[in-house]
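Note sheet for the following structure.
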Amino acid sequence: PKIPKDAMLPLRKMPFGPLLLWGPADPDAVLSKLFSTDWRSTCVGRKVHTGSSVSESDLRVPCSSLRGRHSFAEEWRNVAAEEPELLGDLRGLVLRVIERKLPGCELQ
């Protein structure tokens, strides 16, 4: 599928489990284009069979069914909308970490 350039750029850092990875500017738009609008609750994988014949199959399962194996696999939720006070706490924590790692750096 074609993804609009403004949905991809500029890239930004985003949390993924315990990691911080580069992601698209508008992840909602990109994921909806790639996986359909149910990406928040359905995990999608692709299995390619090789051998005498080649075929592909898309695997779609509820994300909650993968939680026991992959701690980050859960239904997506918008923390900013559900618990806005967490954003303030998170912002303060990030600023303290940055100030500790970059002495003399003033952040607003």
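Counting only heavy atoms from C-beta outward, the side chains of Arg40 and Leu31 never approach each other to under 4.5 Å. Residues Leu34 and Trp39 are not in side-chain contact: their nearest non-hydrogen atoms beyond the backbone lie 4.5 Å or more apart. Within the 4.5 Å cutoff, the side chain of Arg60 has no heavy atoms near those of the Cys43 side chain. You'll find the side chain of Pro27 reaches within 4.5 Å of the side chain of Arg12, heavy atoms only.
Residues satisfying the side-chain contact (heavy atoms from CB on, under 4.5 Å) criterion with Lys13, sequence neighbours excluded, are Leu20, Trp22. For Leu9, the side-chain contact (heavy atoms from CB on, under 4.5 Å) partners are Lys5, Leu11, not counting sequence neighbours. With sequence neighbours excluded, no residue forms a salt bridge (Lys or Arg N to Asp or Glu O under 4.0 Å) with Asp26.
Cluster partners of Leu66 are Val61, counting Ile, Leu, Val, Met, Phe, Trp and Tyr whose side-chain heavy atoms approach within less than 4.5 Å, directly or via other members.
In terms of modelled atom types and a separation under 3.5 Å, the side chain of Ser32 and the main chain of Ala29 share no donor-acceptor contact.
Between Lys33 and Lys2, the closest heavy-atom pair is CE-O, 3.5 Å. Closest of all the heavy-atom pairs between Pro24 and Ala7 is CB-O, 3.5 Å.
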